[in-house]
Protein chains: 2
Amino acid sequence: MLSVLRKSFPNVITQANRVVRCKSNQDKCAKNALIILAPGAEEMEFTISADVLRRGKINVTVAGLHGCEPVKCSRSVVIVPDTSLEEAVTRGDYDVVVLPGGLAGNKALMNSSAVGEVLRCQESKGGLIAAICAAPTALAKHGIGKGKSITSHPDMKPQLKELYCYIDDKTVVQDGNIITSRGPGTTFDFALKITEQLVGVEVAKQVAKAMLWTYKP
Amino acid sequence: MLSVLRKSFPNVITQANRVVRCKSNQDKCAKNALIILAPGAEEMEFTISADVLRRGKINVTVAGLHGCEPVKCSRSVVIVPDTSLEEAVTRGDYDVVVLPGGLAGNKALMNSSAVGEVLRCQESKGGLIAAICAAPTALAKHGIGKGKSITSHPDMKPQLKELYCYIDDKTVVQDGNIITSRGPGTTFDFALKITEQLVGVEVAKQVAKAMLWTYKP
């Protein structure tokens, strides 16, 4: 049937075929990110991460730590999550779990047993975990990646230097499945490093260029 | 009475006095920013601007172009405005009006007669107007700052180069009361330039340092 149609309408069938192939490839290749949004999260660290990953065609789920209600961030920007963390974890696997910083937001991440479960599950399957600014202390609290090389906001160093190999002189540090970074001003490079790991360095560079950012992998 | 109390409780009175003085100074000196948030706005450009200005102790009003309802931005981050633009303009003067970019967001800004009125009113009293990425074309549409030096996202240059003195080689351009910038990757410097203009270069540098950003005025 397809061959008959192809003879009669070659362009239409070729194009339709392409659409089906692309859709299939897209489904197979699509990467999924979970960003956990807690009250008091640093809104720049959250927004830059979500936006950059979506520019890289990564499916991003913004999960409210305490539910679906709007979340007031550290400088009073109010963001509506896509879903709750409780619901998000039922939807399947994520290629990366991202923790934005912010002092109050990080405290909430540290105090959440649900976050601990998500992180330990992600670590046990070798999935990427990315934390920025204050959030690497949530990794410490939940026993993630101990002994690995990490960085954080400089103010958090005293809480981390005994548990990890602490790196002062890089804006983004990757050690295996753990990516960490330092603060709002390093979030573009943090999000681009995640993008690079999930969809490749060329995509990361293209995303950076369109944002007028110079990414140096 | 105060002198008697001061003798009896010198520390308490001195501290109370300080609080009163600071509050008074704060009220007198407080600067006010209006950020207009349109559907399809670039969420990084919005969030970085709002957050950085608030870190500089500038009062920021986030005004939804079409009302108080949550606004879906260009990469599907959903933000709840503080108020509607209609309500915001009744609250008094603003020291700066800020327009984030984003193609769809900018189109909405261009098509809004209310935005035109806000910008012309701001220009007529010599107040700061700041626009980034695609948003300088909204300035052009509403007849703001014609002939001045500006920049924008490079893709917008063809729409602007006949009306303005277009600058290609700077990330942020200020010409009198008009501040313009180029895209997500230049938003920290854009917001810090606004901060510098409203509350001084030292505050801007302190804000930058806490964000782990190097600001070069």
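Sequence lines set the chain letters: A, B, ... in the order given, protein chains first and strands last, and positions in each chain run from 1.
Using a 4.5 Å cut-off between heavy atoms, B/Val62 makes no contact with chain A at all. Heavy atoms closer than 4.5 Å to chain A are found in both the backbone and the side chain of B/Ser76. Using a 4.5 Å cut-off between heavy atoms, B/Ala208 makes no contact with chain A at all.
In this structure, OG1 on B/Thr47 lies 8.5 Å from CG on A/Asp51, to the nearest 0.5 angstrom. With values rounded to the nearest 0.5 angstrom, B/Ile48 atom CD1 is found 4.0 Å from A/Ile48 atom CD1. Interatomic distance, CE of B/Met44 versus CE of A/Met211, reported as 5.0 Å (0.5 Å rounding).
Not a single donor-acceptor pair under 3.5 Å links the side chain of A/Arg75 to the backbone N or O of B/Arg54.
Shown here are the ring-ring contact (aromatic ring centres under 6.0 Å, His included) partners of A/Phe188, two or more places apart in sequence or in another chain: A/Trp213. With sequence neighbours excluded, no residue satisfies side chain to side chain contact (heavy atoms under 4.5 Å, CB included) with A/Cys121.
Residues of residues 91-112 of chain B never come within less than 4.5 angstrom of chain A, heavy atom to heavy atom.
When every heavy atom of A/Pro154 is checked against every heavy atom of B/Leu212, the shortest pair comes out as CD-CD1, 3.8 Å.
With a 6.0 Å radius and a threshold of 12 heavy atoms from other residues, nucleotides or ligands, B/Lys141 has its NZ atom above the threshold. In the displayed structure, B/Lys216 atom NZ is contacted under 6.0 Å by at most 12 heavy atoms of other residues, nucleotides or ligands. No more than 12 heavy atoms of other residues, nucleotides or ligands lie within 6.0 Å of NZ in A/Lys72, so this atom counts as exposed by the packing criterion.
For the pair A/Ile79 and B/Val80, the minimum side-chain heavy-atom distance is 4.5 Å or more.
Among pairs with a residue in residues 130-149 of chain A, none fulfils ring pair (Phe, Tyr, Trp, His ring centres under 6.0 Å), at least two apart in sequence or across chains.
Of the listed residues B/Arg55, B/Glu42, B/Arg182, the one with more heavy-atom pairs under 4.5 angstrom with chain A than any other is B/Arg55.
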